[in-house]
Amino acid sequence: MSIQIYIDGVFRPKEEAKVSVFDHGYLYGDGVFEGTRAYNGRIFKLQEHLERLYESARHILLDIPLSMEEMKEATLETVRRNNLHDAYIRTVVSRGAGDLGLDPRKCTRASMVIIADKISLFPQEFYDRGLEVVTAVTRQRTADTMEPRIKSLNYLNNILVKIEAAQAGVMEAIVLNTQGYVVEGSGCNIFIINKNGELITPPPYLGILEGITRNTVIEIAGQEGLTVKELPFTRHDLYISRECFLTGTAAELIPVISIDRRTVGEGIPGAVTRNLMRKFHDYVQHNGTPVYP
Ligand code: PXG
């Protein structure tokens, strides 16, 4: 049976789940989204993902037609309808159908889609062996032009970064801001471990999406007794880091073993990274909002 998509309050099979070509999400990227996961019949950090969705919507003056509580129920129901225990969930709220002008007032009602499907993961060998990455020429958009903390439907900058990675023959590229500070990947956050064994990640004010996986890793690392610092750092710090890894809903934690062809540490996933990966996997199995009674 084909997967059931939540679309504006009803469930439709994938083939019949359609939005208007006049939707400003399509015409202008005018909307917001979230990517969430379910593990073992529980939705991981559902509240945090919904808060981020509503904050993104608030910034762009987009009225989400559901309360957060209703949205939570709609999300759970979408996973249930598809009988999923491990899932990737994509929530999209766009400005809705309007006319061929920018004016959002012509869009009378936001449109809402929730897709829950099986996840396609990175091949296991990337977790075992680690990723090679490059730094991107494309810079992060600045908070005074397009705030990176809004998870908006305009991901063109991120796509350009992903294209750079592909053209360099690697899976991911690391983005710097216009000041030359490292910020994040195309769809993930970044951590390094320095020579003092401290875990360092860029602070949100530099212009990053404050990842929910990132925040979970900070929490777990604290419990593991690691010193965690949110500090600006540059490409130099990347090159001399002892360990490096990326975090995101889709990728979870993934080790980085080379950056711009400079080997990180021993060129294999480091001990701190591997321990955090293990702890993260335990954490997701036992935390989250239950989908089934
Ligand atoms: N930075 C950016 C720019 C992102 O888009 C993250 C960091 C990591 O945040 P979370 O909260 O996921 O730890 C993201 C997340 C996809 C996909 O389909 C993208 C994201 C999340 C899930 C799926 O490529 N972006």
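This structure is a prediction, so every number in the text was calculated from the model and none was measured. Each ligand, and each atom within it, is numbered from 1 in the order the structure gives.
Residues in residues 6-20 take part in these side-chain hydrogen bond (donor to acceptor under 3.5 Å, both in side chains) pairs, two or more places apart or across chains: S2-E15.
A donor-acceptor pair under 3.5 Å is formed between the side chain of R80 and the backbone N or O of V291. Checking side-chain atoms of E252 against main-chain N and O of H281 turns up no donor-acceptor pair under 3.5 Å. Remark: side-chain polar atoms of E164 are paired, donor with acceptor, to backbone N or O of V137 under 3.5 angstrom.
Both tests hold for R81 against F11: distance to the six-membered ring centre under 6.0 Å, angle to the ring axis within 45°.
Contact residues for ligand 1 (protein heavy atom closer than 4.0 angstrom to any ligand atom): R52, Y88, R90, K151, Y155, N158, E184, S186, G187, C188, N189, L209, G211, I212, T213, G248, T249.
Around the CZ atom of F22, the shell of radius 6.0 Å holds no more than 12 heavy atoms that belong to other residues, nucleotides or ligands.
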